[in-house]
Amino acid sequence: MDDPSGVLYRRLRVDLSAGTLRWSEEPCRNLEDVLGGFGRSFQQLAAFDVTDPYAATSPLIINTGLLTGSNVMTGLRTYFSAYSPLKVSNAGLPSAMWSAGSGKFGSKLKWTGTDEIVVTGRAPDPVLLVIRADESGGDPVAELRPADALLGQACYQKIKTLQPDYPDAHFAVIGPAGESYLHCYYAAVALSTENLLKTGDDKCRWAGRGGMGGVMGSKQLIGIVAQAPDRVVKPAASVREINKEIATGPGSRKFREPARGGLGGTWANYEPLEKFHFVPQRNFRPSGDGRPELLFRSVVEPEFVVKAESCFKCGINCHKNIYEKRDDGSRGAYRAKFDYEPLNLLSTNLGIDDPHAVWPLVAKVDQLGMDSISIGTTLGYVLDYNERHPDAPILNGARFGQADKVAELIEWTGTGRCPEIGHGVKRLAESLGEPGYAMHCKGLELPAYIPDSNPGYPWAIAGGHMSMATYMLLALEQDTSVDYWTKAITERGLYFVRDDLLGICKFAGLPIDLAPQVIADELGLRVSKDDLLAATRRAFIHALWLERRQGFEHADYTMPGEVFDRPNPALLIPPFITRSFFDALSTRVWAVFDKEIDAIAARST
């Protein structure tokens, strides 16, 4: 792209302490600014000196990607970026983080004429930020309104409460966990969906990772309303063809229904992982006993009605929503959404195999507005600790398989009554003096893929699997060489964050060769494939530089100690991540990344 400064984006600066709102048109400094998402927000986070993510001066940035609100299927993403209360260096400083969600809020925000919101300060009382499109095409109308009446409500209940007052709007809200931000560091942001607004069911989408809901809560910002008519523009013929490719092609096959040539959604990860005994059990310690099969979709589906549903205008239908099955086989009340992450981490990984006991746990985490990955992984540690210390258990003494006691811990945590769990597994394990089986990297809890199979985890810059595409490689390719993993991390895995600039869902599997055509046809911008890849890499390396600036050293990039010290003989691909393997891998990875990080550091001084 020849001149990024010719592209302008509209920013709203909100100072909640002063109660001021100010619009501006900003020229893009580089291609990352043009693309948006974390590529732009992380450059802005670098301008802030942050030691406390909850300080009034610490920023929260909400923005969209270039293709959010476009005709491109899955162009729906909203990004929440801040310094995370959860992700922290051994030096004690918070790290830059972003979390992304779909639904329709991002499109509505874009259609108001807003590309970005930068929030600082702390409101004296709970507030709602309302942004409405200006009918004449000028700056949107923004105002702060009281939000006291929303406090204590579940996320979807807040949205339902707001809906009658704001027709043609979508919503981003926090739940009780975000209101209890001092005691829950992984509060999430709930984004409304068309399905939720039409049915009233709890069908939010989530910006879940890293505690962005807590950062919102620390500012007394309870929710954001984006109110605008839908933008209806006839898509170009080429975009229609690309949407057909997204809906039916190989990139989204994993997430579609079997009847449409798919594999059945993220839930289907159970089968290929269990083939190698890689499904997390009892705090990420698979036993090979076959019990994960009890949560296979083919086993669960006869007990419920499973309906594949979607976000706005998406043909992938990745949501696998669980409904009560009546005696006559018809569909009854909505229960929960069974994605692989919450399903595994709140079931098999906690020793709970009954889907009728699992769905209330998944639903409760959503209602309270927590990241299911972080709480599920932290609960796994609690249960493991209690198994290892039967005579001196902590909290309510919960053990593996005790769904009722797990539900109690979830309720306590999401309402601010259990900071031991709410502050995350790193802090809990360190306080107990047993960090070896705490499943995290850099303070961020691991997703539902055992660390024994993924030495790429430490270099993920946001979520452990959504910002480093190495989490399924061992099951798919079975290569355990240092050379393979070095290339997987430095040449393949990092490009997974491309879509976190563009504003599209990773489930679309948009081929990189088609992305320039989409950008040209939708927005009239000329961006080459090589330029897009280069911008993605720069954004990733910039995130590593931000970690370095916040005190992260090479020693911070490591694996849970149990991976090295207690190899699991039940794994059908023998454990290979020894300390010598990881030391060699780290040396090779840093030989690549350090040069690029140092170049950014040199330009920043």
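Basis for what follows: all heavy atoms, side chains included, without hydrogens, waters or symmetry-related copies.
Of the possible polar contacts, one joining the Gln220 side chain to the Pro124 backbone as a donor-acceptor pair under 3.5 Å is found. Judged by distance alone, the side chain of Thr377 and the main-chain N or O of Met439 form no donor-acceptor pair under 3.5 Å. A distance-only check finds a donor-acceptor pair linking the side chain of Lys325 to the backbone of Pro302 [under 3.5 Å]. Remark: side-chain polar atoms of Ser431 are paired, donor with acceptor, to backbone N or O of Leu428 under 3.5 angstrom. In this structure a side-chain-to-backbone donor-acceptor pair under 3.5 Å is present from His423 to Leu182. Side chain of Asp556 to backbone of Glu553: a donor-acceptor contact under 3.5 angstrom is found. Here the side chain of Glu179 pairs a donor or acceptor atom with the backbone of Gly152 at under 3.5 angstrom. Checking side-chain atoms of Asn386 against main-chain N and O of Ile394 turns up a donor-acceptor pair under 3.5 Å. Side-chain atoms of Thr193 never come within 3.5 Å of backbone atoms of Cys311 as a donor-acceptor pair (strictly under, hydrogens ignored). Side-chain atoms of Asn396 come within 3.5 Å of backbone N or O of Lys405 as a donor-acceptor pair.
Here the shortest heavy-atom pairing between Asp289 and Gln281 reads OD1-NE2, 3.0 Å. In plain terms, the two heavy atoms of Pro94 and Ser84 that are nearest each other are CB-O, 3.2 Å. Met97 and Ile461 get closest at one heavy-atom pair: SD-O, 4.4 Å. Contact detail for Ile352 and Val406: the closest heavy-atom pair is CD1-CG2, 4.2 Å. The two atoms that bring Ser372 and Val365 nearest to each other are CA-CG1, 3.9 Å, heavy atoms only. Minimum heavy-atom separation, Ala438 to Ala429: CB-CB, 3.5 Å.
Partners of Arg579 according to the salt bridge (Lys or Arg N to Asp or Glu O under 4.0 Å) rule, which considers only residues two or more places apart in sequence or in another chain, are Asp565.
Between Glu271 and Lys275 no salt bridge is recorded (no basic side-chain N to carboxylate O distance below 4.0 Å). Using a 4.0 Å cut-off between charged nitrogen and carboxylate oxygen, Glu434 and Arg388 do not count as a salt-bridge pair.
Between Phe38 and Trp98, the ring planes are parallel. Angles under 30° get that label, and only those over 60° would be called perpendicular. Between Tyr381 and Tyr437, the ring planes are parallel. Angles under 30° get that label, and only those over 60° would be called perpendicular. The aromatic rings of Tyr334 and Tyr323 lie perpendicular to each other, with more than 60° between the two planes, well past the 30° mark. Between Phe576 and Phe581, the ring planes lie perpendicular to each other; the angle is over 60°, past the 30° to 60° tilted range. The aromatic rings of Tyr557 and Trp590 sit perpendicular, their planes meeting at an angle over 60°, well past the 30° parallel limit.
Screening Trp359, Tyr270, Trp267 against Phe338 for a ring pair (Phe, Tyr, Trp, His ring centres under 6.0 Å) leaves a single residue, Trp267.
Here the straight-line distance linking atom NZ of Lys307 with atom NZ of Lys337 works out to 15.0 Å at 0.5 Å rounding. To the nearest 0.5 Å, atoms CG (Leu446) and CD (Glu341) are separated by 10.5 Å. Atom OH of Tyr185 and atom OH of Tyr54 lie 6.0 Å apart (nearest 0.5 Å). To the nearest 0.5 Å, atoms CG (Leu379) and CG (Asp384) are separated by 12.0 Å. Taken to the nearest 0.5 Å, the CE atom of Met468 stands 6.0 Å off from the CD1 atom of Ile489. Note that the NE2 atom of His440 and the CE atom of Met559 stand 11.5 Å from one another [nearest 0.5 Å].
The number of heavy atoms from other shown groups lying within 6.0 Å of CD (Glu324) is above 12. Remark: Arg291 CZ is loosely packed, at most 12 non-hydrogen atoms of other residues, nucleotides or ligands lying under 6.0 Å away.
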For this session: Could you walk me through whether Val563 and Tyr457 pass side chain to side chain contact (heavy atoms under 4.5 Å, CB included), step by step?
Result: CA-CA 12 Å; Val563 174; Tyr457 268 142; over 6 Å; no
Problem set entry | Stepwise side chain to side chain contact (heavy atoms under 4.5 Å, CB included) test for Arg205 and His319 | CA-CA 10 Å; Arg205 298 303 285 168; His319 308 180; 3.5 Å; yes
Problem set entry | Step-by-step side chain to side chain contact (heavy atoms under 4.5 Å, CB included) determination, Asp371 to Met212 | CA-CA 10 Å; Asp371 174 26; Met212 299 299 105; over 6 Å; no
For this session: Show the numbers, then the answer: is there a side chain to side chain contact (heavy atoms under 4.5 Å, CB included) between Leu544 and Glu547?
Result: CA-CA 5 Å; Leu544 289 178; Glu547 292 182 352; 3.7 Å; yes
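In this model, no donor atom of one side chain and acceptor atom of the other lie less than 3.5 Å apart for Thr378 and Tyr186. Side-chain contact of Ser481 with Asp479: a donor-acceptor pair under 3.5 Å is present, judged by distance alone. Neither side chain, Asn344 nor Asn349, offers a donor N or O lying under 3.5 Å from an acceptor on the other. Defined by atom type and a distance below 3.5 Å, a donor-acceptor pair is missing between the side-chain atoms of Gln550 and Tyr83.
Taking the six-membered ring for Trp, Phe552 and Trp459 have ring centres at least 6.0 Å apart. Between Phe304 and His356, the distance from one ring center to the other falls under 6.0 angstrom. The ring of Tyr449 has its center no closer than 6.0 angstrom to the ring center of Phe278.
You'll find the side chain of Ser102 stays beyond 4.5 Å of the side chain of Leu191, heavy atoms only. When side chains are defined from C-beta on, Leu196 does not count as touching Asp201, because their heavy atoms never get closer than 4.5 Å. For the pair Ser58 and Val50, the minimum side-chain heavy-atom distance is below 4.5 Å. A 4.5 Å side-chain heavy-atom check between Tyr484 and Leu474 finds every atom pair outside the cut-off. By the 4.5 Å heavy-atom criterion applied to side chains, Met370 and Ile410 are counted as neighbours. Contact check for Phe80 versus Val215: no side-chain heavy atoms found under the 4.5 Å cut-off. Side-chain contact between Ile222 and Lys158 is present, with at least one heavy-atom pair separated by less than 4.5 Å. Using a 4.5 Å cut-off on side-chain heavy atoms (C-beta onward), Leu368 and Thr415 make contact.
The cationic atom of Lys506 (NZ for Lys, CZ for Arg) lies less than 6.0 Å from the six-membered ring centre of Phe496 and within 45° of the ring axis.
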